Amino acid sequence: MTKRVFGRPDRPPRDALTQWLSKLWNPWLQGSLLLIIVGVWGAAMIVPAIPSLFIWLASCLTVVFVIGSFVLMVRQTKTSNPRSYHKPMGEALLRSEAVPLAIIDPQGVIIELNEGTERAFGYERVELMGNWLASFVDAGSRDALHTMLEHSLTGCSKQGNIHIIHRSGYPLELHLVCSPMVQNEKVIGTLVVSHDLSDRKRNVERIRYMAYYDDRTGLPNRTLFQRSLNESLAFAHDHNQLVGLCYMDLDRFKLVNTSFGREFGDMLLMQVAERFTSVMNEQDFAARMEGDEFALLFKNLESEEQLLSRARTVLKAIEEPFELKGFPIQITASIGAVTSRLVEDDGYVLLNKADMALMKVKQNGRNDALLYSESWSNYSFEHLSMQHEMYRAIQRKEFILYYQPQYDMISGGMIGVEALVRWKHPIRGMIPPGDFIPLAEESGMIVQIGDWVLEEACRQNKYWQESGLPPMPVSVNLSIRQFVQHDLASKVADVLARTGLESQYLDLEITESMTMDVNHVSRCLLDLTALGVGISIDDFGTGYSSFHYLKNFPIDRLKIDRSFVRDIQQDPSDAEIVAAIIAMAHNLNIQVIAEGVETQEQIEFLRKHNCDEMQGYFWSAPVPSDNIEQMLGGDYM
């Protein structure tokens, strides 16, 4: 068996004098003995009766004690020298696994190593000892290893990187530090300390992967796609090539998450990614942007028609049913496409155009691919841009509620509020409802906005009541698209249950100009009134079916349109219409509220004809919820 270089020799037994002096080195014992000896010696010097023999003996003991203390102090001083730790330190390093190290003789043979080196190389100690270190190093790194070892034999340290093959077969990259071992001014070998660079590189690669790839599908993420898009555009412009960009969104993917859960939704996303990437070329590029949205980059196209053809190939690839929990799932997708035909279009502009084309596909019925057209007018461009931003606003919760107070005409006290939606755009600021409500109605996004308004208004009203403010109803406008839903009453009931608001404090307003199935609306309103919710007709007098509404629908209150109230003093016809509406409603036991009241003369006219309630800028414009709390908390009139 090979003898260890840093063996642990047996400790020689200490002689009796050393042991005895070590005991005397105790400070307390030493002090006590010194006092006794000095006392005896002093007494011998003072008392004449004591023989000179005792005086001589005390003097000898004092000298012996002082010499012994000096010898022991010198020995312990030598023991505490830092050089005395070199041997234990070497033994500790050879037992350690933290730092792989080995001792190489001048011929390059391994003569000693620690457990860290065994673990780094994957070999047992007996397999490494006595063999050349170069035999475990990759052939391409042996020259570098020989250079480092020869350099250390000259008395200088040298370091560098080499590659080895682990015993299990996978390659490793090590950083070696070769330092000379000197004894009696002669280099007797080399101390090799190694550090595994593979772990660090794997960690760096993992961090890079997390930064640039999606952990669900394994596809590149938005950051890497944007970089690749910019590089591809620069190359295409320099070489007069055409690049195509597709933005794809899965149709009604939220139904999958709702039905099967997000875990299975993620599994479907992985299957979809595998499906459409299988029909793409190696030079093409696909990425998951967010949620169920993907971006596809096609390089070196011949024409825009080819891009559309490639996009429809992708759509066809995902037509075949997928399987989740043993159930076949049929899913479709929509794609907006654009090419780099315009040199001035950068990556951001192309993504925006492709996204707008995608929104137009969804507006036209989904499950298709549409190429962005530069022939679209500026109005269409702004229209699509606003629609796209509104879609994002729903996701980013940019909509807020303002509340306009409603007052009793006799007492002047606040008897309710109307919830009015506002869009707080992060760049454009506050966007008035007239600019986005018609577009929301057209695109169908009014349903999502309306559902949010209903729940937020109920939640806010319940919060006011829990804060000790006087209870009052909140009015919420319903769109025609919400009435088309056959579960409107149950949806309202769920909102009331979630928010804890009593039904008597919710008033739903329908627009008189709605043209829909009267039987369906009647059934829907009866279901709502059965819940205890109030029903109002908004903008009364502007439509053609006013009397039909009053006859067939369970109406609690009607609102006179502001267009009649505004000219009540200037136009006698408007004054007669307002007076007739109030009288007719009272004969039918229906409350009347006038909206758009702005002057004292209008108030006097309405009071004269017994109008019940009013709202308008004369007393308050629509305000945030905090202002309503201040109004309800004081004696606001």
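Model, not experiment: these values are computed from the prediction.
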- prompt: Rounded to the nearest 0.5 Å, what separation is found between the CZ atom of Arg252 and the CG atom of Asn367?
  reply: 9.5 Å

field: 4.5 Å side-chain heavy-atom contact, Leu307 and Val338
entry: no

query: Are the side chains of Asn161 and Leu174 in touch, meaning some heavy atoms are under 4.5 Å apart?
result: no

task: Please name all residues satisfying salt bridge (Lys or Arg N to Asp or Glu O under 4.0 Å) with Glu290, sequence neighbours left out, ordered by chain then number.
output: Arg222, Arg392

field: Atom of Val279, atom of Ala317 and distance for their closest heavy-atom approach
entry: CG1-CB, 4.0 Å

- prompt: Under 3.5 Å, is there a donor-acceptor pair linking the side chains of Ser536 and Glu509?
  reply: no

field: Interatomic spacing from CG in Asp487 to CG in Asp527 - rounded to 0.5 Å
entry: 11.0 Å

message: Just so I know, are the side chains of Arg310 and Asp284 near enough to count as touching, which here means a heavy-atom distance under 4.5 Å?
response: yes

query: Quick one: is the NZ or CZ of Arg275 closer than 6.0 Å to the six-membered ring centre of Phe322, and within 45° of its axis?
result: yes

message: Show me the pairs that pass salt bridge (Lys or Arg N to Asp or Glu O under 4.0 Å) and involve residues 422-439, at least two apart or across chains.
response: Glu389-Arg428

message: Let me confirm one number: the NZ-CG distance from Lys158 to Leu145, rounded to the nearest 0.5 Å.
response: 12.5 Å

- prompt: Hey, does Phe294 have a side-chain heavy atom less than 4.5 Å from the side chain of Tyr247?
  reply: no

- prompt: Do you see a donor-acceptor pair shorter than 3.5 Å between the side chains of Asn114 and Thr117?
  reply: yes

query: Once the angle between the rings of Phe285 and Phe225 is folded into 0 to 90°, is it parallel (under 30°), tilted (30 to 60°) or perpendicular (over 60°)?
result: tilted

query: Do other residues, nucleotides or ligands put more than 12 heavy atoms under 6.0 Å from the CD atom of Glu344?
result: yes

- request: Report yes or no: do Asp138 and Ser141 form a side-chain donor-acceptor pair below 3.5 Å?
  value: no

query: Using the ring of each side chain (for Trp, its six-membered ring), is Phe399 parallel, tilted or perpendicular to Phe436, with breaks at 30° and 60°?
result: tilted

message: Within the 4.5 Å heavy-atom criterion, are Lys299 and Gln241 side-chain neighbours or not?
response: no

message: Less than 3.5 Å apart, any donor N or O on the side chain of His175 or Gln159 sitting next to an acceptor on the other?
response: yes

- request: Specify the closest pair of heavy atoms between Gly122 and His166, including all atoms of both residues, with the distance to one decimal.
  value: CA-NE2, 3.4 Å

query: Does a sphere of radius 6.0 Å around CD in Glu124 hold more than 12 heavy atoms from other residues, nucleotides or ligands, not counting ones at 6.0 Å or beyond?
result: no

query: Under 4.5 Å between any side-chain heavy atoms of Val453 and Leu420, yes or no?
result: no

query: Between Asp251 and Lys362, is there a side-chain N and carboxylate O pair less than 4.0 Å apart?
result: yes

- prompt: Got a salt bridge between Asp368 and Arg312, using NZ or NE/NH1/NH2 to carboxylate O under 4.0 Å?
  reply: yes

- line: Value for CG (Leu371) from NZ (Lys360), rounded to nearest 0.5 Å, stands at 13.0 Å

query: OH of Tyr463: more than 12 outside heavy atoms within 6.0 angstrom?
result: no

Positive for side chain to side chain contact (heavy atoms under 4.5 Å, CB included) with Phe121, one of Val137, Ile165, Ile164, Leu113: Ile164

query: So which of Ile162, Leu172, Leu176 actually passes side chain to side chain contact (heavy atoms under 4.5 Å, CB included) with Ser194?
result: Leu176

statement: d(Ile331 CD1, Leu250 CG) to nearest 0.5 Å is 4.5 Å

Neighbour count above 12 (heavy atom, 6.0 Å) for Gln330 CD: yes

message: Which label fits Trp423 and His425: parallel for a plane angle under 30°, tilted from 30 to 60°, or perpendicular past 60°?
response: tilted

- request: Would you indicate whether the side-chain heavy atoms of Leu401 and Ser625 approach each other to under 4.5 Å?
  value: no

- request: For the pair Lys316 and Glu319, evaluate salt bridge (charged side-chain N to carboxylate O under 4.0 Å, His left out) and give the outcome as yes or no after the intermediate values.
  value: CA-CA 5 Å; Lys316 189 173 182 180; Glu319 283 183 356; over 6 Å; no

- prompt: Does any non-hydrogen side-chain atom of Asn281 lie less than 4.5 Å from one of Phe298?
  reply: no

